[in-house]
Structures are given as structure tokens and as C-alpha cells.
**Student:** 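Structure incoming, see below.
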Amino acid sequence: MRNPLIVANWKMNGSLEAIDQWVKEFTTFNPLLTEMVVCPPFVYLNDFRTRLLTNALDISVGAQNCSTEEMGAFTGEVSAGMLSDTGCQWVILGHSERRMLYGETNEIVARKAVQAVNAGLKPIVCVGETLEQREAGKTTEVVLSQLNSILDAIGAQELSKGALAYEPVWAIGTGKTATPDQAQAVHEALRVGVESRDSLAASALRILYGGSVKPSNAAKLFACADIDGGLIGGASLKASDFYAIAQASVVPDVIS
Ligand code: PEP
């Protein structure tokens, strides 16, 4: 059985004051069995991690991006090795905002995944279709081509040490969520895609759903057979909402 994984993507939000507040609030909640990762902006990784350690919170830290390169003359870039150096264990790659706003192609995302794996980071690889692609009946084709380019670059086993996140572009930050049936169908297709390369890796791989997940819709999504947790944007900025979403991922037989 796969232990649920809930990841917070803070995007370009937050401040030292907001981090203090978030951590302070989180310390008032009971510990959960669910694995949790928070991905703040680069500049706050260390501050956030220090506060987690000081307060003995069992949350890992991840980045939202890394460079395609290992080191050198790449002004403004941050390498996977540097992230690892600061105590980061995870990195989100191929988020649709990066694909759409910064021109990240499947090839670029794959190169970043290689850097992440080489530096010992666990990649959280995002895939997802636009509304236009969904309406054209191309959802499976699009997500499988995004997945296959990652599998070609790092292999199924390395991917299964991290996670895959299905994030329909039309559901990110829009308040529109895929129905549990819509999400489950894509998650199943993705798992079958990984299975065609390596069945053990496919059954170990956590496939997260992302796109307007809130405390009110999380439990129904997480109850689906192939949905192993969530990648949470807006709702993760509020500690109580992020906690409530993580709580919704706890399966009843684990609670008892
Ligand atoms: C995201 O940015 O990965 C995301 C899922 O955002 P939101 O939850 O706000 O839709």
C-alpha cells in the first residue's frame, strides 16, 4: 500500500512573517501519518527548514524548480546540487506555469529531472492537459507523452522514488476541480504507462492530483484507487487548510 503524500506549492508567495505564522499554527495540530512536503520559494528554503527543525515538525522541504545545468555561468539559476546542499529533499519539475510562462518543453523538464536525480533529490514531475486538449480528446496522449519523456530520461525506478503529479491545466488556480472520476481515469492511464516499463515501480509510484484541491473536495479525490495524495497550491498557504487536506488523505484503516 502506498503511503499518501501531500505537497504544498507556495509558488511566488510568502514572507518571513508568513512563514513564522504558518509554522506557529502548524505546531498546534496533531501529528499525521501522511507524508508532507512544503515547497516555498528558493530564498525561504533555509528559513523554512530551520523553523521546521526548531519546532520538530515532520515536514520535508522541496523546491519549485531547478536548473538544467550542474554549475557554471547561468546567472540567476539554482542547481539541484545547491538545493540538496540546503537540506532540500524534493523538487517540483514541469509545473504547467513553468511550461506555459517560461517555455519549458518536455526535453527541458527531462534534463532537470536528470539533474535532480544526480543530486539525490526526489522529483515531483507535473503533467497535465489544457482545456483545449481535453476537449479535443487528447488528454491521455498529452500526459503520456509528458510522462514518457521523463521515463526515457531517468527511468521508472527513479521516478517512483519521487512522485508524478497529474494537474489538469484548466483546474489550476481556477477553482474548477476535475471530478474524482475524471482524475482517476487519467491516474490509471499514467500508472499503466509506467507499468509498461516497470511493474514494481508502477505499483510503488505515488501519483498526486493537483488542481484546486480544498479541504471540502480532498477526501473524495483521495479515495480513488490511483490517487495517492495531492499537490496543493492556493490552499496550502493556509496552514489549517493544508493540514485538513493532509488529514483527508489518511485512510480509515490507518486511523484505527
Ligand atoms: C498548483 O499550483 O500546483 C496547484 C495545484 O494550484 P491550486 O491548488 O491553487 O489549483
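One-based numbering, in listed order, for ligands and for the atoms of each. All values derive from a computational prediction rather than experimental measurement.
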**Student:** So for ligand 1, is Gly234 a polar contact partner (N or O within less than 3.5 Å, distance only)?
**Tutor:** yes
**Student:** Should Lys11 be counted as touching ligand 1, given the test is an N or O pair under 3.5 Å?
**Tutor:** yes
**Student:** The criterion is ring-ring contact (aromatic ring centres under 6.0 Å, His included); which residues satisfy it with Trp170, sequence neighbours excluded?
**Tutor:** none
**Student:** Tell me yes or no: between the side chains of Asn106 and Gln146, is some donor less than 3.5 Å from an acceptor?
**Tutor:** no
**Student:** Work out which heavy atom in Ile6 is nearest to a heavy atom in Ala246; give both atom names and the distance.
**Tutor:** CG1-CA, 3.8 Å
**Student:** Would Ile232 count as being in polar contact with ligand 1, using the rule that some N or O on each side must be under 3.5 angstrom apart?
**Tutor:** no
**Student:** Taking only heavy atoms of Gly173 into account, list the atoms of ligand 1 that are under 4.0 Å away from them.
**Tutor:** 7 (P), 9 (O), 10 (O)
**Student:** Of the side chain and backbone of Ala235, name the one, both, or neither that has a heavy atom under 4.0 Å from an atom of ligand 1.
**Tutor:** neither
**Student:** Heavy-atom distance to atom 7 (P) of ligand 1: which of Ser212, Gly230, Gly210 wins?
**Tutor:** Ser212
**Student:** Below 4.0 Å, non-hydrogen atoms only: which portion of Asn9 touches ligand 1? Side chain, backbone, both or neither.
**Tutor:** side chain
**Student:** Check for me, please, whether Phe48 and Val7 land in the same ILVMFWY cluster - side-chain distances under 4.5 Å, paths through other members count.
**Tutor:** no
**Student:** Any chance CD of Glu77 has more than 12 other-residue heavy atoms, nucleotides or ligands included, within less than 6.0 Å?
**Tutor:** yes
**Student:** At what distance is the nearest protein heavy atom to atom 8 (O) of ligand 1, and which residue and atom is it?
**Tutor:** Gly233 N, 2.9 Å
**Student:** Could you tell me the residue and atom name of the protein heavy atom closest to atom 5 (C) of ligand 1, and the distance to it rounded to 0.1 Å?
**Tutor:** Glu167 OE2, 3.0 Å
**Student:** To check your reading of the model: name the closest protein heavy atom to atom 1 (C) of ligand 1, its residue, and the distance in Å.
**Tutor:** His95 NE2, 3.2 Å
**Student:** When you check the gap from the basic side-chain N to the acidic O, do Asp241 and Lys214 get nearer than 4.0 Å?
**Tutor:** no
**Student:** Keeping the roles fixed (side chain from Ser79, backbone from Ser67), state whether a donor-acceptor pair exists under 3.5 Å.
**Tutor:** no
**Student:** Which of the atoms of ligand 1 are close to Gly211, meaning less than 4.0 Å from one of its heavy atoms?
**Tutor:** 5 (C), 10 (O)
**Student:** Just distances here: any N/O of Glu97 and N/O of ligand 1 closer than 3.5 Å?
**Tutor:** no
**Student:** Checking side-chain polar atoms at under 3.5 Å, does Asn217 have a donor or acceptor matched by the opposite partner on Thr177?
**Tutor:** yes
**Student:** Can you find a non-hydrogen atom of Ala171 under 4.0 Å from ligand 1?
**Tutor:** yes
**Student:** For the residue pair Arg197 / Asn148, report whether a side-chain donor-acceptor contact shorter than 3.5 Å exists.
**Tutor:** yes
